**Q** 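What follows is a single structure, and I will ask about it in a moment.
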Amino acid sequence: MNQVYEPLPVSFYQKETLNLAQSLLGCLLVKETNEGLTSGYIVETEAYKGPEDRAAHSYRNRRTKRTEVMYKEAGRIYTYQMHTHTLFNVVSAGIDEPEAVLIRAIEPNDGVSLMEKRRSGRKLRDLTNGPGKLAKALGITMDDYGKPLTEPPLYLAKGYIPKDISCGPRIGIENSEEARYYPWRFWIKGNHYVSK
DNA sequence: GACATGATGCACT
DNA sequence: GTGCATCATGTCT
């Protein structure tokens with residue numbers, strides 16, 4: 001299949017994690033598979049900041065097989081399994097700085113019918129408005145773990161500049177004590193496809 | 001090897 | 001709003 005979008009360069013990812021989490025909003029997330037090309041504009045993200053962030057997998061520098069890619073350079077893919085779902089993160093910060101940005105929701109763009117098929121015929125709005133949902137809709141799996149986001153089959157491309165960004169506490173980390181209140185979740189204000 | 005846990009989603013009330 | 005399926009991963013033994 002021909003590549004129809006130009007991947008963003010690695011320099012795009014080389015910024016402070018909270019900054020990157022906001023910069024990702026409006027970018028086009030593209031996945032190419034044998035079944036076809038699917039894409040969506042990122043509308044919701046969450047930043048996870050390394051050793052001091054109680055909610056991060058890399059809290060207290062916990063370096064395991066799962067978190068290993070977080071210690072690599074920015075712009076790599078960090079996927080992991082949660083219950084029966086795959087969640088997709090963008091690795092941020094420098095070498096040995098285990099930070100990442102979770103992509104929580106996208107706005108469907110290309111390949112909507114394929115995404116509907118992968119999501120058992122659910123309606124447009126329910127296709128990609130959650131981290132597990134968008135991974136399934138785009139066909140993101142653990143096979144993508146550790147690969148660079150700067151080339152197919154999974155990459156980011158230029159999208160649009162969001163008009164207005166909101167922030168608030170992250171979702172689903174109630175057991176993370178003080179970290180549960182950090183306003184490190186970002187979304188495009190008023191967007192129809194934000195998860196909550 | 002055994003066991004506890006969860007950055008979720010879905011069905012149900 | 002509440003309950004729970006379900007399994008990879010991490011930790012302890």
Side-chain angles (χ1 to χ4, degrees), chain A residues 13 17-25 27 29 31 38 40 42-72 74 76-93 97-108 115-147 149 154 166-188 192-196:
Chain A
Y13 302 94
T17 301
L18 294 178
N19 184 353
L20 177 63
Q22 295 166 76
S23 300
L24 286 167
L25 294 174
C27 287
L29 177 62
K31 169 83 194 211
T38 47
I42 296 172
V43 299
E44 182 180 358
T45 62
E46 282 180 2
Y48 286 86
K49 302 234 326 165
E52 298 81 38
D53 179 2
R54 233 186 158 85
H57 294 152
S58 50
Y59 176 58
R60 284 162 56 167
N61 252 322
R62 196 161 69 158
R63 189 166 187 159
T64 64
K65 193 178 175 198
R66 178 175 71 160
T67 61
E68 184 59 31
V69 73
M70 293 181 76
Y71 290 80
K72 304 249 189 222
R76 291 209 189 221
I77 297 162
Y78 173 33
T79 48
Y80 80 100
Q81 297 293 134
M82 169 59 175
H83 293 261
T84 53
H85 310 283
T86 303
L87 274 63
F88 165 65
N89 297 249
V90 177
V91 173
S92 176
E97 294 176 322
E99 307 187 3
V101 178
L102 170 68
I103 308 302
R104 283 196 60 87
I106 65 174
E107 176 182 339
M115 290 196 269
E116 284 175 344
K117 181 181 151 200
R118 287 171 175 155
R119 292 272 301 130
S120 319
R122 287 178 191 279
K123 296 296 178 192
L124 188 62
R125 188 168 179 186
D126 281 321
L127 246 32
T128 56
N129 62 338
K133 298 179 191 179
L134 74 89
K136 186 165 188 192
L138 292 178
I140 295 172
T141 69
M142 288 306 291
D143 286 345
D144 295 303
Y145 179 92
K147 292 177 183 168
L149 267 168
L154 180 57
S166 298
C167 68
R170 292 170 293 180
I171 305 287
I173 55 164
E174 288 74 18
N175 296 327
S176 299
E177 303 186 25
E178 76 279 0
R180 65 185 291 184
Y181 303 113
Y182 299 169
W184 290 352
R185 171 178 171 243
F186 303 94
W187 66 93
I188 296 178
H192 204 51
Y193 297 94
V194 170
S195 67
K196 300 198 173 165

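Just so you know, these numbers use all the heavy atoms, side chains as well, and skip hydrogens, waters and symmetry mates. In what follows, chains are A, B, ... by sequence order, proteins preceding strands, each numbered from 1. Owing to the predicted nature of the structure, the values given are computational and were not obtained by experimental measurement.
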**Q** Any base atoms under 4.0 Å from Arg122(A), or only sugar-phosphate, or nothing? Heavy atoms, all strands.
**A** sugar-phosphate

**Q** Once you apply a heavy-atom cut-off of 4.0 Å, does Arg119(A) come out as touching a base, just sugar-phosphate, or nothing?
**A** sugar-phosphate

**Q** Assign Gln81(A) to base, sugar-phosphate, or nothing according to its heavy-atom contacts below 4.0 angstrom with the strands shown.
**A** sugar-phosphate

**Q** His83(A) has an atom NE2; how far is it from atom P of dG9(B), in whole Å?
**A** 10 Å

**Q** Under 3.5 Å, is there a donor on one side chain and an acceptor on the other for Glu99(A) and Ser92(A)?
**A** no

**Q** Describe the nucleic acid contact of Asn89(A) in one word from base, sugar-phosphate, nothing, applying a heavy-atom distance below 4.0 Å.
**A** base

**Q** If the test is side-chain hydrogen bond (donor to acceptor under 3.5 Å, both in side chains), which one of Thr38(A), Thr141(A), Asp144(A) qualifies with Lys31(A)?
**A** Asp144(A)

**Q** Figure out the CH2/P separation between Trp187(A) and dA7(B), and round it to whole Å.
**A** 19 Å

**Q** Is there ring stacking between Tyr48(A) and dA7(B), where the centres must be under 5.5 angstrom apart and the planes under 30 degrees?
**A** yes

**Q** Specify the closest pair of heavy atoms between Ala137(A) and Met115(A), including all atoms of both residues, with the distance to one decimal.
**A** O-CG, 3.3 Å

**Q** Classify Arg66(A) by what it touches in the nucleic acid, base, sugar-phosphate, or nothing, heavy-atom distance under 4.0 Å.
**A** sugar-phosphate

**Q** Mind checking Ile173(A) for me? I need base, sugar-phosphate or nothing, with any heavy atom below 4.0 Å counting as a touch.
**A** sugar-phosphate

**Q** Counting only side-chain heavy atoms from C-beta out, which of dG9(B), dG10(C), dT6(C) sits nearest to His85(A)?
**A** dG9(B)

**Q** Taking CZ from Arg180(A) and P from dA7(B), how many angstroms apart are they, rounded to a whole number?
**A** 13 Å

**Q** Between P on dC10(B) and CZ on Arg125(A), what's the gap in Å once rounded to a whole number?
**A** 15 Å

**Q** Going by an N to O cut-off under 4.0 Å, is there a salt bridge joining Arg122(A) and Glu116(A)?
**A** no

**Q** If the threshold is 4.0 Å, N to carboxylate O, is there a salt bridge linking Glu177(A) and Arg54(A)?
**A** yes

**Q** Between Glu46(A) (CD) and dG6(B) (P), how many Å, whole number?
**A** 16 Å

**Q** With both distances under 3.5 Å as the test, what is the Watson-Crick or G-U wobble partner of dA2(B)?
**A** dT11(C)

**Q** What is the distance from CG of Leu134(A) to P of dA7(B), rounded to the nearest Å?
**A** 16 Å

**Q** How many Å lie between CZ on Arg104(A) and P on dA7(B), as a whole number?
**A** 11 Å

**Q** Would you kindly give the NZ-to-C1' distance between Lys133(A) and dA7(B), to the nearest whole Å?
**A** 15 Å

**Q** Which listed nucleotide (dT9(C), dG10(C), dT8(B)) is nearest to the side chain of Arg62(A)?
**A** dG10(C)

**Q** Relative to the 5' end of DNA chain C, which residue comes earlier, Met142(A) or Thr84(A), by the nucleotide with the nearest heavy atom?
**A** Thr84(A)

